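The sequence lines fix the lettering, A, B, ..., with proteins before strands; numbering per chain opens at 1. For the numbers below, each heavy atom of this structure counts, side chains included, while hydrogens, waters and symmetry mates do not. Everything numeric here is computed off the predicted structure, so don't read it as measured data.
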Number of protein chains: 2
Amino acid sequence: MTAVQGARARARIEITAAIKDEARRQLAADGAAKLSLRAVARELGMVSSALYRYFPSRDDLLTALIIDAYDAVGAAAEKAHATAETDAPRAHLTRWTAVCRAVRAWALAHPHEYALIYGSPVPGYTAPQDTVGPASRTGLLLVSIARAAYRDKGVAPPPLPAPLTGEAARLAAALGPDLPPALSIALVSAWAQLFGLISFEVFGQFNRVVEDRDAFFDSAAERLGREVGLLPKP
Amino acid sequence: MTAVQGARARARIEITAAIKDEARRQLAADGAAKLSLRAVARELGMVSSALYRYFPSRDDLLTALIIDAYDAVGAAAEKAHATAETDAPRAHLTRWTAVCRAVRAWALAHPHEYALIYGSPVPGYTAPQDTVGPASRTGLLLVSIARAAYRDKGVAPPPLPAPLTGEAARLAAALGPDLPPALSIALVSAWAQLFGLISFEVFGQFNRVVEDRDAFFDSAAERLGREVGLLPKP
DNA sequence: GTCTATAACGAGATAGAC
DNA sequence: GTCTATCTCGTTATAGAC
C-alpha cells in the first residue's frame, strides 16, 4: 500500500519536474511573457486542464520556476565558493570574485531565468513568502565571505555616514552577530551594485558601450570586494 | 490642400498622443504584462483594430512607451542637474548626487515605466535602434558631470587595471575626447551600479532588508560620485 | 481519491473586407 | 475608422478512468 502511494508520489514528482523542464525550455526560447500553459501541455502530450492538478495557476508555475532559479544561482555561487583556491593573503578576495564570476556566468547562460528573478516582477507580482529563503542564498554567501575575512584579520570597515548608524546596527544584527555595522551597509550596497553590473550586461544596456565585458566585470567585482574590506590595508 | 493634410496630420498626432497617454495610465496601474490594446481602445471609445492604424502591433506601442520613459528619466535628470546648487568646492559632487536622486525619485514614482526600460526586456527583446538615443541621455549626463569636474581641477582618475587599458581607451574616445581613459571605465561602472541600487529598491529586493532607504541611497550615490573623482583629494 | 479528457466561457491580438 | 472572423490563451465545470 505504501508502495502504491510511493509509486503515485513518484509519478507526480516526475510529471511535475517534466512540466517545469518544458516550461523552462519555453522560457529560454520566448521569455516569461510568452510562457503558455497550453503550449507546455501540448509539448508534453497532455491537455491543458491536466496541468492544473500540478500547478493551480500559471502564476504558481512561474513561482516554482522563480524558486528554482534562485536555487540555481545560489548553488552555482556556493559551488564556486567551495572550489575557489584558498592560498594566502588574498584568499577572501579570491573567493569573493569567484562567487561574483559564478553568478555572472550563470546569468549569461540563463538570461531568461535571470530576468525572472532579477528583472521586473512579472505576473501580478506578489512575491510569495516561499521565495525569500532561496532568494537570500547568494546574498548570505557574500555576507559569510565578508564575515570570515573580518574574523581572520579585523580589516578596517569603511567609514559609516552619520545618518546610517541606526540602519547599520539593525542590519548587522540581522545579518550576523559578529559583523561590524559599517560593514553590513557596505555589503548590502556591494550586493546591489554587483547585480546592477550583471543586469546591465544581461539586459543589453552594455551593447555598443562595453566590449571587453569579462575584464570589465572582473575588475569591478574585485573593486567591490575591496570595498567590503576583503584585503588588509597595506 | 496642404491645410487638409495638415489637419489630418494634426489629428493623427493628437490621437497617437491620446493612445500613448491612456496606455501609460494602464501601465502605471497594472504593469506592462497587462497592457491591452483592447482596453486602451475601449477607454478611448474606439474599436481595438483601429489602434493598428497608429501602432502596427502591441509591441510597437510598448516600444513607443519605452522611448518616452527614457526621455522622462532623462528630462528629470537634466532638470535636477540644471537646478542643483553650484557653490564651491563640492559643486560637481552636489550635481552628481542631485542627478542620482532625481533618477531614483522618478523610478519610485513610476515603477512600471522604470521596469519597462531597466527591467527585463519585454517582448522578443530586440531593442530597436530608435531607443539608443533616449536611452543614453542619462548616462551622458553623468559623463558630462565627470568631464566638467576633471576639466576644473584635474582630479586623479582611479587606478586602471592592466587588462582594461584597451577598453578604457576605446570608451574614452567614444564618450568624449577630454576624458581620461581610467575615468571612462569608472563612469560606466558607476552608472551600472547606480541603477543596480535603484532596481533592487524598485523591484523589492530591499524588502525586509533595507529600511532607511533614503539615507542608504544618498550615501551610496555619494560614494559612487567620489569614486569617479568628483571631489579633489584632500 | 486522483488523474485525465471534453467542452465551454471570456478576453485578447491580429488580419482583412468594407 | 468599423465589423467580422480567426486564433491563442487562462481558467473552470463536468464527467469518466484508474
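The nearest whole Å value for the distance from the CG atom in A:L35 to the C1' atom in D:dC9 is 12 Å. Rounded to whole Å, the distance from CZ on A:R58 to P on D:dT8 is 17 Å. Distance, B:F55 CZ to C:dT14 P: 13 Å, rounded to whole Å. As a whole-Å value, the separation of A:D30 CG from D:dC9 P is 11 Å. The nearest whole Å value for the distance from the CG atom in A:L51 to the P atom in D:dC9 is 12 Å. Regarding B:Q26, its CD atom lies at a distance of 13 Å from the C1' atom of C:dG12, rounded to whole Å. In this entry the distance linking CZ of A:R12 with C1' of C:dG1 reads 12 Å, nearest Å. Between A:Y54 atom OH and C:dT2 atom P there is a gap of 12 Å when expressed in whole angstrom units.
In terms of polar N and O atoms assigned as donor or acceptor, the side chain of B:S49 comes within less than 3.5 Å of the base of D:dC3 in a complementary pairing.
We find the CG-CG distance between A:L142 and A:L224 to be 10.0 Å, quoted to the nearest 0.5 Å.
OP1 or OP2 of D:dT11 sits under 4.0 Å from a side-chain N or O of A:Y52.
Interface residues of residues 36-46 of chain B facing DNA chain C, ordered by number: B:S36, B:L37, B:R38, B:R42; criterion, heavy-atom separation under 4.0 Å.
For A:Y70, the ring pair (Phe, Tyr, Trp, His ring centres under 6.0 Å) test picks out A:Y118, with sequence neighbours left out. Shown here are the ring pair (Phe, Tyr, Trp, His ring centres under 6.0 Å) partners of A:F217, two or more places apart in sequence or in another chain: there are none. Under the ring pair (Phe, Tyr, Trp, His ring centres under 6.0 Å) criterion, B:H81 pairs with no residue at all, not counting sequence neighbours.
Among the nucleotides C:dC3, D:dT2, D:dT11, the one closest to the side chain of B:R53 is D:dT2.
Counting only residues at least two apart or on different chains, the salt bridge (Lys or Arg N to Asp or Glu O under 4.0 Å) pairs with a member in residues 184-205 of chain B are B:R104-B:E201.
The pair B:E14-B:R10 does not meet the salt-bridge criterion, since no charged nitrogen lies less than 4.0 angstrom from a carboxylate oxygen. Under the 4.0 Å criterion applied to side-chain N and carboxylate O atoms, A:D212 and B:R170 are not assigned as salt-bridge partners.
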A:E211/B:E167 under side-chain contact (heavy atoms from CB on, under 4.5 Å): CA gap, chis, key distance, verdict: CA-CA 7 Å; A:E211 273 182 13; B:E167 180 73 17; 3.6 Å; yes
Using nucleotides 16-18 of chain D, report all nitrogen or oxygen pairs with the protein that are shorter than 3.5 Å.
none

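In this model, a donor atom of one side chain and an acceptor atom of the other lie less than 3.5 Å apart for B:D60 and B:S57.
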